[in-house]
Number of protein chains: 2
Amino acid sequence: MPRTVDLKEKIKELRSFVRSERRVPTYREMLTLFGYRSTNSVAGLIRKLVEAGFLLRDAGGRLVATDKLTGSVRMLGFVQAGFPSPAEEQEADTLSLDEYMIRRPESTFMLTVNGDSMIDAGIQPGDIVLVEKGEAPRSGQIVVAQVDGDWTLKYYVKDRAGVRLDPANRNYRFIRPRQSLVIGGIVRGVIRRYE
Amino acid sequence: MPRTVDLKEKIKELRSFVRSERRVPTYREMLTLFGYRSTNSVAGLIRKLVEAGFLLRDAGGRLVATDKLTGSVRMLGFVQAGFPSPAEEQEADTLSLDEYMIRRPESTFMLTVNGDSMIDAGIQPGDIVLVEKGEAPRSGQIVVAQVDGDWTLKYYVKDRAGVRLDPANRNYRFIRPRQSLVIGGIVRGVIRRYE
DNA sequence: CTTGATACTGAACAAATGTTCAGTTACCTA
DNA sequence: TAGGTAACTGAACATTTGTTCAGTATCAAG
């Protein structure tokens with residue numbers, strides 16, 4: 001068997017470049033980045049990186065970085081499963097939070113939550129909800145809705161009497177719209193930042 | 001006063017291109033994208049987009065898309081403040097969840113939570129915590145820690161008796177490490193996806 | 001050792017790139 | 001309605017781009 005190149009180090013270098021420069025380096029830039037002296041060497045390496053799924057070629061043949069390369073966070077297991085070893089860290093593919101959390105960017109918005117009406121659903125004041133417009137809510141989903149003039153965050157529930165909006169807080173009662181109900185959007189995700 | 005160009009429509013087109021192609025279009029591509037017939041027109045528009053902060057030039061003079069252009073979600077106000085009008089939607093700048101949530105990508109990991117020991121802090125089973133390694137925790141921060149062999153998610157608290165790990169659940173008691181305490185990292189954020 | 005497959009070099013090439021120039025067109029305001 | 005400023009056209013240019021070629025170096029397996 002002939003010799004094989006070690007991709008890991010190259011990927012690390014490439015990831016670093018793509019993150020800081022926000023673009024795929026040119027062949028000449030990869031020369032110095034990877035320590036080659038021929039652009040043909042770069043071409044060979046790129047072929048491997050495409051095969052491995054770190055880069056891909058668009059319709060025009062241009063190189064595009066994938067989430068596997070670009071993503072911000074390394075996806076790992078469960079808390080109880082322990083903590084990753086340095087070896088595992090290097091191995092783990094990265095993931096983009098944007099890709100993970102947002103299906104339809106054109107119709108998704110962030111809203112800051114105030115009030116504690118959804119606290120038992122794990123949505124606290126100050127949290128940010130990702131709201132997707134356009135689709136009709138199903139019973140049990142959390143929605144941003146305008147009930148009789150006031151905007152609020154509640155569970156959307158359909159029952160025999162019609163539509164009901166349930167809080168996730170025992171101190172509050174459910175609301176049943178009297179005159180108007182406008183669904184602003186469905187809550188697709190929640191994010192919270194500490195500090 | 002001479003005429004002025006309407007940037008909004010162009011930005012919309014450009015955002016759409018950058019999102020789908022994951023790169024800034026070339027001048028020739030912008031010709032068709034913006035409906036121009038001269039690359040010099042494109043150059044003029046690019047100058048405006050750079051001034052407006054949607055694009056920027058790196059050290060080598062290459063065009064780079066900013067988060068203002070690329071980001072996945074539109075940042076808006078509070079739930080009680082109402083819902084954005086279509087006009088506001090067009091205006092709002094976009095934001096990247098990765099940039100917003102993650103300071104140090106190299107040392108940040110995602111872990112899926114199981115167990116309900118932090119439920120009163122709004123962290124539910126199935127949620128994903130963003131954990132940052134490397135720094136020493138301060139009292140009151142949530143940490144992923146190995147206490148006497150078991151990995152767990154708790155508040156890190158320093159008191160007179162030493163270090164204590166507090167759950168956010170009245171059904172559980174705090175833990176005080178007997179033999180060993182390993183801090184895996186500090187919880188910098190929580191994300192949750194519905195469906 | 002020999003064999004063979006792969007990694008890599010060095011040089012050349014056509015195509016595509018961003019920039020620049022002079023000149024024309026469109027529009028707002030006074 | 002006239003003037004002026006910015007938007008835009010059309011064409012040309014030097015660089016840079018990714019790709020390709022033939023040939024050498026390296027390494028593992030038999």
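Chain identifiers are assigned alphabetically (A, B, ...) following the order of the sequence lines, protein sequences preceding nucleic acid strands; residue numbering begins at 1 within each chain.
- Nucleotide D:dT17 holds its P atom 16 Å from the CD atom of B:Glu29, rounded to whole Å.
- The nucleotide whose nearest atom lies closest to any side-chain atom of B:Arg62 is, among C:dG10, D:dT16, D:dT9, D:dT16.
- Side-chain N/O atoms of A:Thr26 and base N/O atoms of D:dT16 include no donor-acceptor pair closer than 3.5 Å.
- As a whole-Å value, the separation of A:Leu7 CG from C:dA7 C1' is 12 Å.
- The neighbour count for A:Arg57 CZ, taken as heavy atoms of other residues, nucleotides or ligands under 6.0 Å away, is above 12.
- Side-chain atoms of B:Thr39 stay outside donor-acceptor range of the base of C:dG18, with no qualifying N/O pair under 3.5 Å.
- Nearer the 5' end of DNA chain C, as judged by each residue's closest nucleotide, is the contact made by A:Lys48, out of B:Asn40 and A:Lys48.
- Taking every heavy atom of both residues into account, A:Leu153 and A:Ser117 meet most closely at O-OG, 3.4 Å.
- At a threshold of 4.0 angstrom between heavy atoms, the contacts of B:Arg57 are confined to the sugar-phosphate backbone, with no base atom among them.
- By the criterion of side-chain heavy atoms lying less than 4.5 angstrom apart, applied directly or through intervening Ile, Leu, Val, Met, Phe, Trp or Tyr residues, A:Ile186 is not grouped with A:Tyr155; the two fall into different hydrophobic clusters.
- Along DNA chain C, the nucleotide nearest A:Leu31 and the nucleotide nearest A:Arg28 are compared for position; the residue whose nucleotide lies closer to the 5' end is A:Leu31.
- We find that CD1 of B:Ile46 is positioned 14 Å from C1' of C:dT20, with the value rounded to whole Å.
- The existence of a salt bridge linking B:Arg22 and A:Asp67 is confirmed by a sub-4.0 Å separation between a basic side-chain nitrogen and an acidic carboxylate oxygen.
- Distance B:Arg23 CZ to D:dT17 C1': 13 Å, rounded to the nearest Å.
- Positionally, the nearest nucleotide of DNA chain D for B:Arg37 lies more toward the 5' end than for the other of B:Arg37 and A:Ala43.
- Rounded to an integer number of Å, the gap from OH of A:Tyr27 to C1' of C:dG10 is 17 Å.
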